[in-house]
Amino acid sequence: MMFACEAELSPITIIPDPVFDKTGLYTVNTISIYEKQETVVNISRIYGLSKELDLTIGVDETLLTEYNNLNGTNYQLMPAEYYDFPTTVKLNKTDKVVELPVVIKPKALVAKGFSTANNYVLPLSLNASSVEVEDKGSAAQVLLIPNIVEPTFTVKVPEVNFSLSFIRDVVFPQTVELEAISNFTTIDAGMVTYKADATAVEAYNEANGVEYELLPSEYYQVQAGVLDPETMSYKTNITFNCAEMKSDNIFLLPLVMASDVYQVKQKEPVYVLVQLNTLKMWVAGADQIVVNKSGNGKFSVAMNAPIGNDQPVKLTVDNSLVESYNAANNTSFIPFDPSKVSVSTEAITAGEKKVDVSYQVDLTSMPFDGSDSYLLALVLDESELFTGTQVENNVIYIQPFRTLAGDYDKEIWGEEKGNRVTAPAIYLAGTNGWPASRNEKAQKYCINYNQTWSGGVIHFNILDEFVDGYPNRRKLGDFIDRGEGNNGHGYDPVIDNGSWVDIKTGVVHFDLKVVDNAYSNVGGFPIQYNFTPGF
């Protein structure tokens, strides 16, 4: 008979390995006015998930002694009245992590002085467990040291001074916003404000060679600040009501943040210049002629101060000013037909100081690249302006000029090969480095269809023919490639499948194929783009 023997194997024992997620000397940053500062220390494990653990946490002064001896420090044990934490925590069978909340009391600590408070350390260790655990040494220890600082605002001083203009008797408040960065969130807005630094006026005057006066306090009001907790930006509005000041002098308000509770860092005052003024209005760009090639344009009309009502803005064509311009500048511009010009009627919104005005010029009757020079004058209508408005630079001169040459926005409407036209533009042939055509057609325009090869230039003309069914679309034609010298292969044939320009919108539609002789590209590569004029 044969007998089989079975040996009994020892059961596999998995010992849990709880550790702190924070180890060594760990800094707890906090603010001196906080009653409590909670720091969460996680206790985690990898092994022993099938076992429930009851862990005991305690203060271990020997950890602090060892740390001081090793590092030559003299940290002191934090007295028990300045902290709180649960002495036991439970890891359930399926828990991998449990939180240990440790509360430090910074306000009470700093009563002993900042240097003393910041020299205390709270050494914690995992002291005991309800089951056997693996000895993790320093990973089961942490020394918490507070870094207690004062609640502080750091004021941002703008690079350019605030400057406010008010119109006499036009009661319209204006506001400036001051910003400071806070290092704490429990702000009592009643404990911090901005005040005038009267002594800074004299220093400012001496440094800048001016004679400003301190703005009297009745003309401004400091609002309560508001904290954005995400950015820690504390913003304060200062509202000014200065329309009833009696003096025409320039006033200066140097503002500094002030608090008896919080610390403030501010390298210099924030300056606000305030003065009464006559309401002035002007047209931007009135000192030069604006050349318009697209038929569409815009310019701005501005005031030096906001008012409480909408300010109508209307400009009209006045061709008599073209004659005056010619006489004053020895030019011979031809007045442009006013019926072909439209200008939007706008208004500067109450509280604003500027508005954009758009205009359209119908160029369809003008020849492309004609020899005649036209000019139109748009003048600001003063009949509806606020009483007493002083108008400066009230005329803007616009020179309409019709040409295909210029930069465009590109749209690929069909097939594309190699994105050859990377800089969408049309050029006048024979100017600014672009080659003249070597053809009896004497093509006026050209485009570059090759990114790097200067020979990739196609010349063309605007024809006198229109696309059937589209009275605004003039055909493009006489396409020819400049490819002479292309490795001895001569010109590349250009096949036009119906290119045109819309004489109203300015859109240029290319539908071409270039047959590349040099590389035997029999089918040719397409150039299928719409060029759209920018506004």
Requested in this report: Measure from the side-chain N and O atoms of K235 to the backbone N and O of D228, and report whether any donor-acceptor pair falls under 3.5 Å.
Outcome: no
Requested in this report: Return yes if some donor-acceptor pair links the side-chain N/O of E150 with the main-chain N/O of T152 below 3.5 Å, else return no.
Outcome: no
Requested in this report: Ignoring hydrogens and angles, state whether a donor on the side chain of S233 or E179 is under 3.5 Å from an acceptor on the partner side chain.
Outcome: yes
Query raised in the report: CD of E202: more than 12 outside heavy atoms within 6.0 angstrom?
Result: no
Query raised in the report: So do the side chains of R45 and L53 get within less than 4.5 Å of each other, counting heavy atoms only?
Result: yes
Query - Nearest-0.5 Å distance, CD of residue E66 to CD of residue E61 - result: 11.5 Å
Requested in this report: Check the angle between the aromatic planes of Y262 and F153 and answer parallel, tilted or perpendicular using the 30° and 60° thresholds.
Outcome: perpendicular
Query - side-chain hydrogen bond (donor to acceptor under 3.5 Å, both in side chains) between Q360 and S342, worked out - result: CA-CA 5 Å; Q360 294 78 39; S342 61; 3.1 Å; yes
Query raised in the report: Under 3.5 Å, is there a donor-acceptor pair linking the side chains of N161 and Y204?
Result: yes
Query raised in the report: Do Y449 and F525 have ring centroids that are under 6.0 Å from one another?
Result: yes
Query raised in the report: Looking at F510 versus F531, is the centre-to-centre ring distance below 6.0 Å?
Result: yes
Query - Side chain proximity check, V28 to I145, heavy atoms < 4.5 angstrom - result: no
Query raised in the report: How far apart are the C-alpha atoms of S294 and N296, what are their side-chain angles, what is the distance that settles it, and do they pass the side-chain hydrogen bond (donor to acceptor under 3.5 Å, both in side chains) test?
Result: CA-CA 5 Å; S294 68; N296 298 307; 4.7 Å; no
Report task. Please determine if K36 and D84 form a salt bridge, counting it only when a charged side-chain N lies under 4.0 Å from a carboxylate O. Result -> no
Query - Any donor-acceptor N or O pair under 3.5 Å, side chains E268, Q266 - result: no
Query raised in the report: Between the side chains of D60 and T62, does any donor sit under 3.5 Å from an acceptor?
Result: yes
Query raised in the report: What do the steps show when you test T239 against Q223 for side-chain hydrogen bond (donor to acceptor under 3.5 Å, both in side chains), and what is the final call?
Result: CA-CA 7 Å; T239 303; Q223 311 297 324; 3.3 Å; yes
Report task. Step through the shown structure and confirm whether more than 12 heavy atoms of other residues, nucleotides or ligands are within 6.0 Å of OH on Y47. Result -> no
